[in-house]
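The structure displayed is predicted, hence computed values, not measured ones. Chain A is the first sequence line, chain B the second, and so forth, proteins listed ahead of strands; every chain is numbered from 1.
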2 protein chains.
Amino acid sequence: MCGIFAYVFQNKELSTAALIDIVLTGLRRLEYRGYDSAGICFDVGGPVPQTIKKVGNVGVLATHVAEFVKTLCVNSMFHGTGISHTRWATHGAPTDANAHPHGSDDNNEFVIVHNGIVTNFSDLKAFLVSKGAVFHSQTDTEVIAKLTKYIFDQNSNVKPMTFPQLVMLVMSEIDGAFGLVFKSSKYFPGELVGCRRGSPLVVGLKTDKEGTDVLSSALDSPSMSRTPFEVFMASDASSIVEHTRRVLYLEDEDVIHISQRGMQIYNRLRNENYEKLKKELRPMEQLEMELANIMKSGYDHFMLKEIMEQPDSVVNSMRGRVNFETGEVKLGGLVKYTETILKARRIVFIACGTSLHACLAVRAVFEELSAVPVSVDSANDFMDRRPPIFRDDVIVFVSQSGETADTMRALEYCKEHGSILLGFTNVVGSTLSRSTDAGAHLNAGPEIGVASTKAYTSQIVTMMLFALMLAVDRKSKSARRDAIIRELQRLPELITQVLATEKQIKELAVSLKDERSILIMGRGYNLSTVLETALKVKELAYIHTEGVHAGDLKHGPLALVDENLPIISVATRDGCYEKMKSAIQQVRARKGRPIVITSGDPDDEIIPFAESILRVPQTVDCLQSVVNIIPLQLLAYHLAVMRGMNVDCPRNLAKSVTV
Amino acid sequence: MCGIFAYVFQNKELSTAALIDIVLTGLRRLEYRGYDSAGICFDVGGPVPQTIKKVGNVGVLATHVAEFVKTLCVNSMFHGTGISHTRWATHGAPTDANAHPHGSDDNNEFVIVHNGIVTNFSDLKAFLVSKGAVFHSQTDTEVIAKLTKYIFDQNSNVKPMTFPQLVMLVMSEIDGAFGLVFKSSKYFPGELVGCRRGSPLVVGLKTDKEGTDVLSSALDSPSMSRTPFEVFMASDASSIVEHTRRVLYLEDEDVIHISQRGMQIYNRLRNENYEKLKKELRPMEQLEMELANIMKSGYDHFMLKEIMEQPDSVVNSMRGRVNFETGEVKLGGLVKYTETILKARRIVFIACGTSLHACLAVRAVFEELSAVPVSVDSANDFMDRRPPIFRDDVIVFVSQSGETADTMRALEYCKEHGSILLGFTNVVGSTLSRSTDAGAHLNAGPEIGVASTKAYTSQIVTMMLFALMLAVDRKSKSARRDAIIRELQRLPELITQVLATEKQIKELAVSLKDERSILIMGRGYNLSTVLETALKVKELAYIHTEGVHAGDLKHGPLALVDENLPIISVATRDGCYEKMKSAIQQVRARKGRPIVITSGDPDDEIIPFAESILRVPQTVDCLQSVVNIIPLQLLAYHLAVMRGMNVDCPRNLAKSVTV
């Protein structure tokens with residue numbers, strides 16, 4: 001996830017400083033979407049625009065821009081554009097060079113900002129390098145800028161082309177997800193083109209004449225070329241709402257073009273013939289939401305938004321890494337380590353909190369697919385023990401932020417012993433990312449809620465891909481591998497299904513909200529699920545909740561069971577189902593109140609023993625924990641809300657524990 | 001721990017069947033002290049007594065004895081003796097042959113029952129074998145019987161000797177702990193000699209003339225040879241109280257002799273000249289306790305008794321295994337595996353419940369002393385995962401009962417993979433004991449309370465000995481090794497000190513008894529302590545108590561902290577002390593109520609942050625968990641008692657989980 005903000009004004013007078021101010025103010029509103037670097041590109045009156053980009057948040061960028069503004073000699077313009085970007089790194093560390101906007105060449109004939117991932121960027125880059133392009137960044141985005149200029153140079157000599165025609169040709173070459181805004185001070189001064197596939201892009205229009213009934217087509221007329229108007233394009237409406245409430249949400253493959261003549265919209269899928277583009281008719285909407293709601297995409301809290309994002313965030317974690325047709329799985333950075341890892345003495349996962357639970361969730365599948373011994377260590381306990389580490393160990397560090405202090409200390413310790421160090425983090429350029437030999441990014445997008453939700457499922461999915469890579473050469477595992485890959489493809493759909501049970505989960509939350517203690521039991525692949533749920537309920541709803549292995553119930557916790565204690569039991573259909581059934585029966589026999597999460601049929605034999613039932617869709621055992629955790633995240637969320645807690649900022653806790 | 005019951009009657013008529021009945025009834029009362037095999041030896045009127053011994057409890061023995069009684073032709077005698085034993089195996093599996101009593105030869109000229117451990121039994125056995133002795137059992141006890149006859153044969157030809165003289169010579173050759181009763185139908189008909197060192201032995205006297213003022217000396221007179229009287233000797237008074245309340249508790253090195261002339265008592269240490277024994281004057285006591293109390297040695301519950309036994313049970317775990325002068329540590333069965341273990345890929349500990357916590361308690365010291373990677377797995381989770389296991393893995397199974405079903409299933413699974421399998425259990429001849437390649441017994445004595453206490457500390461101590469063995473050849477670890485051994489020697493004293501804080505713990509229990517939730521935090525060597533405490537409080541007091549790693553507090557559980565939640569913090573002085581201090585300060589800053597367990601001075605800087613303080617004695621870091629768990633066992637116990645729970649039989653739980 002990144003934030004794009006673009007601005008164009010037509011037929012009115014505005015100073016460059018004012019233009020910059022509008023753009024930076026808009027960008028600030030999007031900072032929650034990413035904050036590792038920011039950049040801006042704006043007109044200064046000539047064919048070469050000015051680009052400023054810096055590591056750090058928008059505040060850092062603004063300081064540098066302010067310095068520049070002092071040197072400006074242009075005072076005002078009659079039309080002008082500015083595009084800007086705040087970044088959440090996915091390809092390439094957060095450096096000045098990797099910050100957006102990216103230019104096509106030294107003169108920045110084409111400049112773009114991008115939110116998303118170009119999955120075929122390696123191929124495109126190789127092609128462009130062969131044609132003489134020189135790249136200045138490690139991003140996938142720079143490829144788009146260079147490609148734009150390449151296509152323009154190849155075609156415009158033959159036949160003149162409009163800006164949207166050019167963009168459509170570019171789009172047809174790109175695989176992946178994107179929201180894009182294109183600017184070309186040289187060839188299309190005062191114009192902007194936006195387009196999207198997968199990533200969001202919203203357009204706001206401001207004219208003197210207000211109203212919601214204005215159709216896109218009405219904005220496309222010769223009369224517009226005398227009317228002053230302004231257009232805003234952004235990743236979400238939060239940065240637009242202070243200027244105008246007349247907005248248009250782009251659809252996939254939409255291309256929007258703003259020029260002196262107004263605003264035109266096209267859809268690439270309905271325009272096979274680029275030479276004669278067919279305009280779309282599209283109504284503008286009146287934005288009713290408040291600012292805070294827009295940032296949260298209409299959800300009450302970031303946490304809920306992030307829970308709901310999971311059908312997308314798991315896709316983002318897999319994008320460009322899994323070929324569902326061929327079954328090929330590739331985490332670029334890890335390819336060359338595969339052989340060594342398979343010969344390792346052992347694989348040690350080290351993490352804290354929710355990340356530790358993600359490691360537990362994948363432990364068994366690593367053991368199964370790699371046939372290497374796997375242990376999982378809490379970073380804290382690891383550093384208390386300072387255990388022996390060997391050159392032939394592979395140590396895997398997992399942290400959403402990549403800055404978790406306890407995990408980083410363990411990383412430092414392991415560095416001294418010469419083992420292979422791998423990292424899984426959501427933040428490109430984080431300490432974890434920089435300090436490991438290799439690894440993979442989660443690509444889940446920034447996580448704002450203190451309680452980690454989408455990063456957890458993305459950790460499981462991304463590490464699962466790693467496990468699948470390790471099994472590629474094992475014939476005996478190929479059926480298993482195929483089954484997992486098939487279910488990975490279905491995962492977004494399954495998550496969508498389970499999110500649809502929210503109403504039922506809310507009812508469950510009502511019944512539990514006054515409890516002071518809750519047990520949650522599971523086993524096998526769902527031991528992680530119960531530990532993670534307990535942590536979530538604890539940290540958000542402040543109810544003392546404990547996750548226990550169902551098999552350990554009889555070694556102690558069963559003594560707690562009586563008619564008062566609610567016991568959530570995760571009993572989806574896998575190798576542990578029969579044992580879970582017997583545990584639930586034991587709880588019932590002791591007058592306990594099992595709340596059962598099942599993937600079975602309505603006539604499942606577990607049902608008579610349950611006080612209440614929550615049905616989730618069935619998937620392959622090792623991915624079931626991804627499906628199962630989601631209703632439990634929702635449960636923790638609703639419990640917290642019902643108990644009047646601030647879910648986005650639980651007492652006593654910080655988002656990433658860097659001390 | 002084993003149970004001894006012996007009976008002698010003088011100057012009265014009694015049938016053999018009645019003699020047997022008295023002995024077996026007494027033995028039944030002692031069954032809680034051991035129940036893997038039982039045996040009896042009684043007079044049948046001639047110089048060769050009858051011995052019957054069987055695997056199983058006293059009930060099994062009684063069936064066999066009843067069969068024998070049908071064949072009896074002697075009807076009554078004017079004096080007679082019977083000795084019996086119920087066994088808790090330490091040396092040698094529970095078999096008929098290993099059951100007590102043990103005889104000196106085929107005619108059973110001398111027969112003995114024994115409670116304790118002879119530490120120099122290998123040397124004595126080798127010597128006796130060289131003299132032609134043939135052994136029928138693997139026990140240390142049989143050595144004593146053979147040695148008695150050997151000494152008698154060597155000396156009695158030269159000069160006649162009394163039975164107590166003979167026993168004193170035998171005692172002077174034995175190292176270790178014992179309570180012993182000797183019988184010789186051939187040479188000393190109608191007489192019994194009892195003696196003790198370390199193990200308890202109580203003597204009861206029944207005559208027509210009742211009274212507590214009778215001194216031992218009064219029982220030793222020519223007039224006694226006409227007075228009918230009966231004497232009972234037993235490991236504790238529970239089997240005596242139904243016959244008489246006049247008892248005498250033997251002191252270390254005491255030798256008691258019952259003959260037709262009455263009862264004489266000697267002390268070996270005050271009799272360097274065995275030829276002219278000096279009789280002791282010793283008052284008899286009047287037993288006031290009730291039967292149930294006697295079985296519990298005066299404690300209200302077995303659990304409390306077992307907690308209080310820990311100064312002894314840890315000694316029993318070390319007896320014959322550590323030479324505190326030379327620093328030599330030897331767990332017989334494990335010696336030949338030491339080399340192989342040090343070359344292992346990894347050591348995997350597998351256990352459940354309290355045993356699992358013991359493994360966590362020693363994990364770090366194994367890593368440190370062996371430099372082999374160590375992982376600890378819950379047997380349940382291990383079997384859910386069925387992970388890869390290799391020939392060069394060493395798998396260590398730990399179970400008090402040696403029958404824990406989940407652990408046994410893991411053992412079966414590992415057997416298929418050809419790794420070295422080791423076992424630590426309290427029960428000789430248990431499935432665990434029989435199914436592993438090697439291992440060590442805890443020698444903690446039978447544990448009756450469902451909540452494991454003394455077995456836990458003995459597990460830590462016994463496994464610590466194993467870790468010390470592994471480091472014997474590492475020069476860099478010799479100072480560390482010495483420090484641990486020094487503190488092992490002090491351990492009984494430290495446990496005694498900490499048990500003396502019981503009053504304070506009771507007060508703490510009063511303040512906590514109405515809580516519904518308790519957190520307990522620790523780290524490093526004391527992570528195990530907090531997990532074990534939480535389990536104990538949960539299973540006994542039914543308060544929802546959770547043990548957390550203090551470093552993980554900020555990854556979630558800190559959200560639970562408020563002015564209501566009590567938080568017990570284990571912050572004794574070790575490498576984690578500073579971190580514990582900071583965790584306690586954090587809790588305090590959030591208005592939490594830390595109850596701090598510390599080993600620091602009264603001016604310890606942690607004290608201002610504590611709501612209350614419990615001071616424990618300081619020892620070496622890796623043994624501190626043994627000291628620290630004891631007040632927490634007491635806390636769990638008193639919480640349970642105050643809340644009116646049945647501590648010896650918590651609801652829903654069984655002593656050993658064999659299903």
Side-chain angles (χ1 to χ4, degrees), chain A residues 345-346 348 352-354 356 363-364 367-368 371-375 378-381 383-390 393 406 516-517 519 523-525 527 535-536 538-540 542 544 546 549-552 554-562 565 575-576 586 590 650-654 657 659, chain B residues 345-346 352-354 356 363-364 367-368 371-375 378-381 383-390 393 406 516-517 519 523-525 527 535-536 538-540 542 544 546 549-552 554-562 565 575-576 579 586 590 650-654 657 659:
Chain A
R345 176 192 278 248
R346 55 181 182 153
V348 182
C352 291
T354 295
L356 184 68
R363 179 181 189 183
E367 289 173 325
E368 181 188 0
V372 177
V374 177
S375 64
S378 143
N380 267 305
D381 186 51
M383 285 310 289
D384 288 349
R385 298 188 343 260
R386 305 179 80 83
I389 293 290
F390 300 88
D393 286 336
D406 296 322
R516 296 180 54 175
S517 273
L519 276 193
R523 62 186 299 165
Y525 292 103
L527 177 59
L535 181 60
K536 285 279 164 290
K538 229 184 250 160
E539 68 184 354
L540 297 173
Y542 314 155
H544 189 185
E546 190 173 356
H549 190 290
D552 291 335
K554 57 189 178 301
H555 295 285
L558 201 56
L560 282 186
V561 173
D562 60 17
L565 185 74
C576 296
Q586 278 181 55
R590 280 153 185 90
R651 66 180 174 192
N652 308 344
L653 299 180
V657 183
V659 287
Chain B
R345 176 192 276 248
R346 54 181 181 149
C352 291
T354 295
L356 185 67
R363 181 181 187 182
E367 289 173 327
E368 181 188 0
V372 177
V374 177
S375 65
S378 142
N380 267 305
D381 186 51
M383 285 309 289
D384 287 350
R385 300 191 339 262
R386 305 180 80 85
I389 293 291
F390 300 88
D393 286 335
D406 296 322
R516 294 181 53 175
S517 273
L519 275 192
R523 62 186 299 164
Y525 291 104
L527 178 59
L535 181 59
K536 283 282 165 288
K538 229 183 250 158
E539 67 183 355
L540 296 174
Y542 314 156
H544 189 184
E546 191 173 355
H549 190 290
D552 292 334
K554 56 189 180 301
H555 295 285
L558 202 56
L560 281 186
V561 173
D562 60 16
L565 185 73
C576 294
K579 287 179 182 163
Q586 277 182 54
R590 280 157 184 89
R651 67 180 173 193
N652 307 344
L653 299 180
V657 182
V659 287

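With a 4.5 Å cut-off on non-hydrogen atoms, H549(B) touches chain A through its side chain but not through its backbone. Only the side chain of L519(A) comes within contact range of chain B, with at least one heavy atom under 4.5 Å from a heavy atom of that chain. If you measure heavy-atom distances from Y525(A) to chain B, you find no contacts under 4.5 Å at all. V372(A) touches chain B through its backbone: at least one of N, CA, C or O sits under 4.5 Å from a heavy atom, while the side chain does not.
Put simply, of G551(A), S375(A), A379(A), the one with the most heavy-atom pairs under 4.5 Å next to chain B is G551(A). Between chain B and the residues S517(A), G575(A), A364(A), A550(A), the most heavy-atom pairs under 4.5 angstrom are made by S517(A). In terms of non-hydrogen atom pairs under 4.5 Å with chain A, the most contact-rich of K579(B), E367(B), H544(B) is H544(B). Between chain A and the options C576(B), G353(B), P388(B), the largest number of non-hydrogen pairs under 4.5 Å is found for P388(B). When K536(A), R386(A), E368(A), R363(A) are compared by the number of non-hydrogen pairs under 4.5 Å with chain B, R363(A) comes out ahead.
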Problem set entry | M383(A)/R523(B) under side-chain contact (heavy atoms from CB on, under 4.5 Å): CA gap, chis, key distance, verdict | CA-CA 10 Å; M383(A) 285 310 289; R523(B) 62 186 299 164; 5.8 Å; no

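With sequence neighbours excluded, the residues forming a side-chain contact (heavy atoms from CB on, under 4.5 Å) with L356(A) are A351(A), V376(A), S378(A), listed by chain and number. Applying the side-chain contact (heavy atoms from CB on, under 4.5 Å) criterion to R516(B), with sequence neighbours excluded, gives R516(A).
D381(B) places a side-chain heavy atom less than 4.5 Å from the side chain of L527(A). When side chains are defined from C-beta on, P387(B) does not count as touching P373(A), because their heavy atoms never get closer than 4.5 Å.
Listed for the R345(B) side chain is a donor-acceptor partner under 3.5 Å among the backbone atoms of R345(A).
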